[in-house]
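The structure appears below as structure tokens.
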Amino acid sequence: MAQIIGGFFTSHVPAIGGALAKGLQQDPYWKPFFDGYPPVKAWTSAVKPDVVVVFYNDHGLNFFLDKMPTFAVGAAAEYPNADEGWGLPIYKTFEGYPELSWHIIEHLVNSEFDVVTCQQMLIDHGASIPFELGWAEDNDRTFKLIPININTVQHPLPSPKRCLALGRAVAEALESWGGDERVVVVGTGGLSHQLDGERAGHINKEYDTFCMDNMGPDPDAITAKSSLDIVELAGSQGVEVLNWLAARGAIGGDVKEITRNYHIPISNTAASTLVLERLEAVPAE
Ligand code: DHB
Ligand code: FE
């Protein structure tokens with residue numbers, strides 16, 4: 001079975017890519033945000049995953065409002081990055097792992113998650129920015145990527161309960177895999193933010209703290225609210241916390257917190273970082 005080491009959760013605001021390109025890490029606006037990432041980079045360098053499973057939401061690059069899968073799993077040999085209009089640099093293409101993707105897909109469909117399978121998939125800022133933040137520049141990023149998309153954009157959205165269950169089914173798939181690869185799970189987006197409408201700029205620190213406090217020890221507590229409740233609480237894009245819930249499910253087991261950071265605002269977003277490590281890494285068979 002694969003060894004699930006833990007998970008890294010982060011906001012994915014596109015402006016971060018612009019700040020990195022301009023070297024603004026020490027700028028007073030950006031410093032409290034970027035200061036959250038050295039412990040994350042130390043952790044990813046130490047655990048050196050062979051495989052990363054990233055849960056994120058596509059922002060109109062692969063799927064637009066005309067065709068919107070609820071859950072879509074990448075099964076490609078590689079995942080090129082592309083910019084859906086933010087003017088970001090184009091980052092390195094990620095290597096895929098079709099064999100493990102199909103194993104996960106088989107397990108998900110057998111578990112009655114009728115996912116869309118993607119043998120071609122582009123990676124947008126929702127999955128590129130987290131790796132720029134969480135992996136050190138001298139870390140060669142030799143891992144293979146499995147991207148899993150969750151619709152947090154076009155209503156009706158999946159429920160928090162369903163997203164946590166999806167992640168737990170991915171953990172089962174990893175535990176029934178024949179290889180012994182070291183796996184890190186990544187959940188991106190959130191926390192509270194709303195980009196448009198009358199409540200543009202909406203942020204809810206109290207609810208974000210509730211999510212960060214419960215993500216490790218009691219993620220089911222977060223599923224007591226519906227996705228529409230979360231839109232109300234955290235903003236129309238704050239519902240990206242669904243990606244975090246799925247990622248938490250895919251870590252499985254009990255976890256300890258390695259590091260966290262929370263800074264308001266970066267652009268319109270309550271910028272949040274969390275690393276959870278699985279208490280007993282599942283031993284290789
Ligand atoms: C912003 C945040 C996002 O999650 C996103 O996908 C795009 C923009 C922002 O705060 O600017
Ligand atoms: Fe987003």
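Every number for a ligand or one of its atoms is a count from 1 in the order of the listing. Values below: every heavy atom of this structure, side chains too, minus hydrogens, waters and symmetry copies.
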Carefully, step by step, assess Arg248 and Glu257 under the rule salt bridge (Lys or Arg N to Asp or Glu O under 4.0 Å). CA-CA 12 Å; Arg248 172 62 188 95; Glu257 183 172 321; over 6 Å; no
For this output row, return yes or no: ring centroids of Tyr97 and Phe143 closer than 6.0 angstrom.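 Between Phe143 and Tyr97, which both carry aromatic rings, the centre distance is not below 6.0 Å.
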Have a look around the Fe ion (ligand 2) and list protein N/O/S atoms under 2.8 Å, or say none.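 His12 NE2, His59 NE2, Glu240 OE2, with waters left out.
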For Ser128, what residues pass the side-chain contact (heavy atoms from CB on, under 4.5 Å) criterion, not counting sequence neighbours?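 With sequence neighbours excluded, Ser128 shows a side-chain contact (heavy atoms from CB on, under 4.5 Å) to Asn81, Tyr91, Ile123, His125, given in chain and number order.
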Salt-bridged, Lys41 to Glu132, with N to O below 4.0 Å?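 Looking at Lys41 and Glu132, the cut-off is not met.
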Lys92/Asp140 salt bridge by N-O under 4.0 Å criterion: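 Answer for the salt bridge query: no.
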Do Thr273 and Tyr37 meet the criterion of a side-chain donor-acceptor pair at a distance under 3.5 Å?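 Per modelled atom types, Thr273 and Tyr37 side chains form a pair under 3.5 Å.
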Less than 3.5 Å apart, which donor and acceptor atoms pair up between the side chains of residues 60-73 and the rest of the protein, not counting sequence neighbours?
from  : atom 1 : to     : atom 2 : distance (Å)
Asn62 : OD1    : Leu122 : N      : 2.9
Asn62 : ND2    : Asp58  : OD1    : 2.8
Asn62 : ND2    : Leu122 : O      : 2.7

Give every pair formed by an N or O atom of ligand 1 and a protein N or O atom closer than 3.5 Å, one pair per line with both atom names and the distance to 0.1 Å, or write none.
from     : atom 1 : to     : atom 2 : distance (Å)
ligand 1 : 4 (O)  : His12  : NE2    : 3.1
ligand 1 : 4 (O)  : His193 : NE2    : 2.8
ligand 1 : 4 (O)  : Glu240 : OE1    : 3.2
ligand 1 : 6 (O)  : His12  : NE2    : 3.4
ligand 1 : 6 (O)  : His59  : NE2    : 2.7
ligand 1 : 6 (O)  : His125 : NE2    : 2.7
ligand 1 : 10 (O) : Ser267 : OG     : 3.3
ligand 1 : 10 (O) : Asn268 : N      : 3.1
ligand 1 : 10 (O) : Thr269 : OG1    : 2.7
ligand 1 : 11 (O) : Ser267 : OG     : 2.5

Has the side chain of His202 got a donor or acceptor atom that lies under 3.5 Å from a matching backbone atom of Leu233?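 Such a contact is found between His202 side chain and Leu233 backbone.
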Starting at CD of Glu78, measure out to CD of Gln120 and round the result to the nearest 0.5 Å.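 If we round to the nearest 0.5 Å, Glu78:CD and Gln120:CD are 10.0 Å apart.
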